[in-house]
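To start, the structure itself, in structure tokens.
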Amino acid sequence: MNSQFFFPALPGESPSEHGYFGAFGGTFIPEALVAAVDEVAVEYERAKADPAFAAEFEQLLAHYAGRPSALTEVPRFAGHAGGARVFLKREDLNHTGSHKINNVLGQALLTKRMGKPRVIAETGAGQHGVATATACALFGLECTIYMGETDIRRQAVNVARMEMLGATVIPVTSGSRTLKDAINETFRDWVANVETTHYIFGTVAGPHPFPAMIRDFQRVIGVEARRQIVERAGRLPDAAIACVGGGSNAIGLFHAFLPDTDVRLIGCEAAGHGVESGKHAATLTAGEPGILHGSRSYVLQDDEGQITEPWSISAGLDYPGVGPEHAFLHDTGRGEYRPVTDAAAMRAFRLLASTEGIIPAIESAHALAGAIDVGTELGPDGLIVVNLSGRGDKDMETAARYFEQDAEAARAGRVQK
Amino acid sequence: MSGNLRLLADTLARAKQENRAALITYMTAGFPTVDDGIAATQAMLNSGADIVEIGLPHSDPVLDGPVIQTADEIALRGGVRIADVIRTVREAYQATGKPVLVMSYWNPIDRYGAERFGGELAKAGGAGCILPDLPVQESALWRETAARHSLATVFVAAPSTTDERLRELTAAGTGFVYASALMGVTGVRDAVSTAAGSLVRRIRAVTELPVCVGIGISDAAQAGRVARFADGVIVASALVKAVLDAPDAAAGTATVAELTTELSRATRRHAD
């Protein structure tokens, strides 16, 4: 494995020098942050060219995160997906329980290179916060995590994990008190403390170079999955499917398949109570181009550019923006983006648990619901790789509450009949 | 130079001739209501403010501290629209003939249409915009629009801005340079950062544009200190906080007028 593995120079590779994927990306940030963001970009270019950096990253992924992650075929689940062959890329088996650790280890190494003693990060579901707190413990960095008050309530276990790992978790009480507001607050901290602090952004959004850099740290998912599926099934898949909030696990899976134009790249967005209900987080399905958190992409906004509040049962997908490279893949047609409701995701959540003994994160359950539909469309000859981006331990309380309410609603329905 | 960009430049030049710093004050449009916001803005201009900034409320004000965040939230909950912001500019300008700037994050203007916004702002008598999340490298489209309508494009310079970038943003900017007194979001602070003085010196080395200092200046003593080395003193959160803390809108406007008068005296004191 060499640095080309992680940091490939693909023909026609995006982004542009100024961080644009087509019309999307850029650096829409306060002047006070320009020097810091430039420093990240310069240091990242240096790191990419340094074989020692790639070697250290590879060692951490192998011996700390536990890569390569397994590719598991799930035939009993696939019986409910039109009989297509379905393989899961098991990012849930990584240390800390999700794909987030890949990016965090890369950025923690970069933080060390920049000589900064302090790290800040936002978190929604808590997976990125836990991964960041973990890396900070490992590297001896001071760690502060911003988390919306609403998310702190729905992800209490992850809050306890972050605190056990030595991080300070700061509740965010502005706006909708979820991921979007946690990012705003982390940027505010960064503006004030930029000299000592690196912001380990968690997804492929934000100002350049974050979308490209985080993609590069996550692309190991697709590189491994591509090799594994060819070994196991003897061919490339018909579709690679992942859930999309900001889009880091999705771009991580998709990127290695970009040149394989016969492989459909399918992103599943959170449709909440349904796109038509207005209570959703399906940014590419229902949003419009705009600027949020430092880059131009699709955003959920009103007619005067105010960002609207998203909704999803999944804290990790409850975000009104999406990474600029996904906006580009959406507009060029290379990526397909589909809305998946809370109800469909929770059906897939229970189905995977009961047929395969794997409890997925609710985020990843959106991709599983997408796989059920795509498998049904493809039929028994279909071959699908799904990114199981995280495990569901953190979601047990949310799931229990959801299924209880669901059962109550069903009972009430029967009484009415 | 023409239109109200000229008015802005003349206002700053006149303050300099009078051997004092200009006083630039801020109020969020639509806060707590559109009419109250207009009253507070006019009160500032009638109590010694030379220039005002009207804040266009945004759902995601990443460069603002809790005070302006709260004002934005109240204004948006009250249903403020861009038309109300334009009306605030118009009524402030018509009542006083003084330069009125809009402070806005980029997405609302991008969504509204830069040309449409620039045209309406100029027609209302506005003098230009400060766009805190539109750094110079992303600003080409807006600058063309601003030039077409004789509007100023005021860039923020931070203590972390390199000399090379200072040259770039002062070459692209018009009206004045907004020097951020410290690394941080807007808000009331106990002491003015020492970073401001050296930043102003670095800016003056690369441009003839007036340099006005803001962020974290909240009382007359701080304004007086900054007035010794800056062409203008910018006060925002302290005035918004006065409205936020007032028992009713009339009391808020009265406190804003008092505070502006004190600040205005402080910016003149160094000439004594």
Problem - Residues A/Asp181, A/Arg177: salt bridge by 4.0 Å N-O rule - result: no
Exercise for the section: Could you tell me which of B/Ile82, B/Val185, B/Val156 has the largest number of non-hydrogen atom pairs under 4.5 Å with chain A? Expected result: B/Ile82
Problem - Among A/Ala36, A/Pro289, A/Ala32, residue most engaged with chain B (heavy-atom pairs, under 4.5 Å) - result: A/Ala32
Completion exercise
Interatomic distance, CD@A/Glu185 vs CE@A/Met147, rounded to 0.5 Å, equals 15.0 Å
Practice task
Counting only heavy atoms closer than 4.5 Å, note whether A/Thr308 contacts chain B via side chain, backbone, both or neither.
Solution key: neither
Problem - Atom group of B/Arg81 that falls short of 4.5 Å from chain A, counting heavy atoms - result: both
Exercise for the section: Look at the rings of A/Phe201 and A/Phe210 and say which category their plane angle falls in: under 30° parallel, 30 to 60° tilted, over 60° perpendicular. Expected result: tilted
Handout entry: Under 4.5 Å from any heavy atom of chain B - which part of A/Leu292
Key = side chain
Problem - Side chain, backbone, both or neither of A/Asn193 within contact of chain B (heavy atoms, under 4.5 Å) - result: neither
Exercise for the section: Take B/Glu53 and B/Ile130 through the side chain to side chain contact (heavy atoms under 4.5 Å, CB included) test and state the conclusion after the steps. Expected result: CA-CA 8 Å; B/Glu53 297 172 6; B/Ile130 304 163; 3.3 Å; yes
Handout entry: Ring centroid separation A/Phe24 to A/His330 under 6.0 Å
Key = no
Practice task
Go through the atoms of A/Glu288 and report whether side chain, backbone, both or neither lie under 4.5 Å from a heavy atom of chain B.
Solution key: side chain
Practice task
Answer yes if the ring centres of A/Phe187 and A/Tyr199 are under 6.0 angstrom apart, and no otherwise.
Solution key: yes
Exercise for the section: Sort out for me which of A/Ile291, A/Asp302, A/Val34, A/Leu33 touches chain B most, counting heavy-atom pairs under 4.5 Å. Expected result: A/Ile291
